[in-house]
Amino acid sequence: MMFRADLHCHTTCSDGALTPEELIAHAKARGLKGLSITDHDTVAAYRTAPACAQRWDIALGTGIEISASFLGKSVHVLGYDISINDAELLAFCAAQQEIRRERNAAMLERLRRYRMEISEQELSVARGTIGRVHIAKCMVAKGYVPSISAAFYLHIGDGKPCFVPLKTPSVEKAIEIIHNAGGKAFLAHPHLSQPKAELLSLPFDGIECYYAMLPPEREKKWLREAEKRGLLISGGSDFHAMEGSPLGASWVNESCFHAIFRS
Ligand code: AMP
Ligand code: FE
Ligand code: FE
Ligand code: ZN
């Protein structure tokens, strides 16, 4: 069977629905040979994932998805082949958890003004990085909104009444943290980030050219961009839960995988 590696997915260590163990078993069932777990602002999945991946015979490369900002806009930076024990990286993740705790409290305060009562305790049942998806799930559970997408659309999506922006490092800083942890920095879902030219002139190592269910003609544009700039290519589904984009919806082949994960 052909080697396919999904290099963008989330677990319960951030806003994914499956635990690292469940995700790896699911990857095996979907016929994937390689995987990188890229939770938002945490590498907590790698406490247990490597041993589990070995049991299932899945090639697991380390990863993270860092929320960053560039010219006032939100940009996600993927870090691959990072040392998960790097002190600066771990300190950064810990600091982001605290920043998110304060931001979550501020969003809960806003929701309270709209008579949607959720306590910090109700939110903190999840482990790892807690963000807007967890708040949305609480809103659904309490019957305040019919669905997660309604929670975003009506209340907590960017610019909506209960939205509080996340304080994030600059993209330059995110790239530096990844490089200092021995890793490679990739621009995640490039079609969602503006403006392209200035952003791509930062010291990225690669671009996420294959993303979820992006049509092939849009992927080609990013493949050409990567080639022009001598950058590596990554790809993945951004799998969060069974209802969304399926695991393995986008993937890279063996040579792309080994160009990123050299060990
Ligand atoms: P946060 O990092 O806490 O600001 O939350 C951002 C995350 O929310 C993204 O990574 C997505 O997983 C999720 N998200 C953003 N918009 C939506 C939406 N409309 N519906 C469901 N999930 C969303
Ligand atoms: Fe997410
Ligand atoms: Fe993202
Ligand atoms: Zn993601």
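Remember, it's 1-based here, ligands and their atoms both numbered in the order they're listed.
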Would you mind checking if Lys73 and Asp158 are paired as a salt bridge, meaning a charged N to carboxylate O distance below 4.0 Å?
no

Residues Glu120 and Arg101 bridged, charged N to O under 4.0 Å
yes

Closest contact, heavy atoms only, Ile178 versus Val77:
CD1-CG1, 3.7 Å

Answer key: the N, O or S atom of Glu65 nearest to the Fe ion (ligand 3) is OE2

What atom name does the N, O or S atom of His76 nearest to the Fe ion (ligand 3) carry?
ND1

Using a 4.0 Å cutoff against the non-hydrogen atoms of [X], which atoms of ligand 1 qualify?
{"X": "Arg100", "answer": "1 (P), 2 (O), 3 (O)"}
{"X": "Ile148", "answer": "21 (C)"}
{"X": "Gly131", "answer": "3 (O)"}

Taking the ring centre of each residue, are His26 and Phe239 less than 6.0 Å apart?
yes

of all protein heavy atoms, closest to atom 6 (C) of ligand 1 is Arg132 NH2, 3.9 Å

When distances are taken from atom 19 (N) of ligand 1, the protein heavy atom at minimum range is Phe152 CB, 3.5 Å

Test your reading of the structure: does Ser149 have an N or O sitting under 3.5 Å from an N or O of ligand 1?
no

Say whether Asp15, considering both its backbone and side-chain N or O atoms, lies within less than 3.5 Å of an N or O atom on ligand 1.
yes

Phe152 ring centre to Lys160 NZ or CZ under 6.0 Å, with the angle to the axis within 45°?
no

To 10°, measure the OD1(Asp15)-the Fe ion (ligand 2)-NE2(His240) angle for me.
80°

Is it the side chain, the backbone, both or neither of His240 that has a heavy atom closer than 4.0 Å to ligand 1?
side chain

Nearest candidate to atom 1 (P) of ligand 1, where distance is taken over non-hydrogen atoms, out of Glu243, His40, His189, Arg103
Arg103

Nearest heavy atom to atom 13 (C) of ligand 1: which of Val133, Asp41, Ile130 does it belong to?
Val133

Counting backbone and side-chain atoms alike, does Asp238 have an N/O/S atom under 2.8 Å from the Fe ion (ligand 2)?
no

Counting only N and O atoms by type, is there a donor-acceptor contact under 3.5 Å from the side chain of Arg4 to the main-chain atoms of Asn253?
no

Closer than 3.5 angstrom, by distance alone: can the side chain of Asp86 be matched with the main-chain N or O of Leu89 as a donor-acceptor pair?
yes

Between the Fe ion (ligand 3) and His40, is there an N, O or S atom separated by less than 2.8 Å?
no

Above 12 or not: heavy atoms from other molecules or residues under 6.0 Å from NZ of Lys167?
no

Return the OG to CD1 distance between Ser36 and Ile58, rounded to the nearest 0.5 Å.
12.5 Å

Assigning hydrophobic clusters by single linkage (Ile, Leu, Val, Met, Phe, Trp, Tyr; side-chain heavy-atom cutoff under 4.5 Å), is Phe163 placed with Leu154?
no

